[in-house]
Amino acid sequence: MAGIQVSDLRKYYGKGDHAVHAIDGIDLDIENGEFISIVGRSGSGKTTTLDCLGLLLRPTTGTIVIDGVDTGGLSDGKRAEFRSRKIGFIFQGFNLLPSLNALDNVLLPLRYSGGDKKAARRRAEELFEVIELADRMKHRPTQLSGGEQQRVAIARALINEPALVLGDEPTGEVDTETSQKLVGLMRQVNRDRGVTFIIVTHDLDLAAATDRMVRLKDGQVIGDESQVAVDLAESARR
Ligand code: ADP
Ligand code: MG
């Protein structure tokens, strides 16, 4: 089965009475091509959930099946391989390497995969067209604005042609207008390439621009609803 099935996911930090139940029994069924937000207060378990979905963190118990693969059964090596083949990440605060120019930052996820270098370069150039920074490929991160850096981070998340992109507060450090543009860009990639997006945020405007909002509290799902996504660009013009 395609998509993602999460069942009875739990992540506890520490043991016994003092254990922190960061995730406390989450069930989710996500179809390919969905554009989802996960919202909740600080400490509600958003990042832990996303890190488990991205195979960066092993849950204490429960299962995560991605595109038919029960990821809990994979060795660490196989998890890393699965991750680099299927999943792209956009973190808060850009996380670009300051010593590399924008192009090399985008190519970075490919450094260990022996693939065709010319094809990768072409793909990167295409992505710079998509993020409208084709004229900035050789710039260092410090020579780019926050919004531009985050667009580069989005391109970096897409270089592997992932089926799934996970964003942890991807618009956390930019102004509202830039945030709207970034959401528009992610939406465009979602529509044009069928990439599934799961975006953690506490920005309710951003969440309103997604098709489905999953609400967490104390490591549990307290709301999971489909919605008509607000077109942020449209509402900004009004
Ligand atoms: P959010 O992203 O919604 O702010 P997190 O997933 O980061 O929430 O954290 C959920 C809970 O788990 C919080 O109570 C947090 O303090 C705790 N937590 C997160 N990471 C760790 C860790 N490495 N060790 C212990 N507790 C942690
Ligand atoms: Mg967090």
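Order of appearance sets the numbers: ligands from 1, and atoms from 1 within every ligand.
A donor-acceptor pair is defined here as one N or O able to donate and one able to accept, closer than 3.5 Å; such a pair exists between the side chain of N105 and the backbone of N101. For the pair N160 (side chain) and S84 (backbone), a donor-acceptor distance under 3.5 Å is present. Under the 3.5 Å distance criterion, the side-chain polar atoms of E34 are matched with a main-chain donor or acceptor of E31. Side chain of S37 to main chain of T210: no donor-acceptor pair is present (N/O by atom type, distance under 3.5 Å, no hydrogens or angles).
Short contacts between ligand 1 and R41, defined as distances under 4.0 Å to a heavy atom of the residue, involve ligand atoms 3 (O). Within ligand 1, the atoms closer than 4.0 Å to a non-hydrogen atom of A22 are 10 (C), 11 (C), 12 (O), numbered from 1 in the order shown. Atoms of ligand 1 lying under 4.0 Å from any heavy atom of S42, numbered from 1 in the order shown and given with element: 4 (O).
Distance from atom 19 (C) of ligand 1 to its nearest protein heavy atom, with residue and atom name: Y13 CE1, 3.5 Å. Given atom 13 (C) of ligand 1, the protein heavy atom at minimum distance is G43 O, 3.8 Å. Taking atom 7 (O) of ligand 1 as the reference point, the nearest protein heavy-atom neighbour is T47 CB, 3.8 Å. Looking at atom 8 (O) of ligand 1, its nearest protein heavy atom turns out to be G45 N, 3.2 Å. Here the heavy atom of the protein found nearest to atom 6 (O) of ligand 1 is T48 OG1, 2.5 Å. In terms of protein heavy-atom proximity, atom 17 (C) of ligand 1 is closest to V20 CG1, 3.8 Å.
Under 4.0 Å is where a charged nitrogen must lie from a carboxylate oxygen, and between D24 and R10 at least one such pair does.
Annotation: the span from I36 atom CD1 to I198 atom CD1 amounts to 5.5 Å, rounded to 0.5 Å.
Scanning all heavy atoms of the two residues, the minimum distance from H139 to L144 falls at CB-CD2, 3.9 Å.
In this structure, H21 does not count as a contact residue of ligand 1, since none of its heavy atoms falls inside 4.0 Å of the ligand. Not close to ligand 1: G40, with no non-hydrogen atom less than 4.0 angstrom away.
Not a single N, O or S atom of S42, from either the backbone or the side chain, sits less than 2.8 Å from the Mg ion (ligand 2).
Here the rule is side chain to side chain contact (heavy atoms under 4.5 Å, CB included) with R140, and of R136, Q143, K138 only Q143 fits it.
Residue S44 has at least one nitrogen or oxygen atom sitting less than 3.5 Å from a nitrogen or oxygen atom of ligand 1, judged on distance alone.
At least one side-chain heavy atom of T71 sits less than 4.5 Å from a side-chain heavy atom of L55.
Protein heavy atoms are found inside the 4.0 Å sphere centred on atom 27 (C) of ligand 1.
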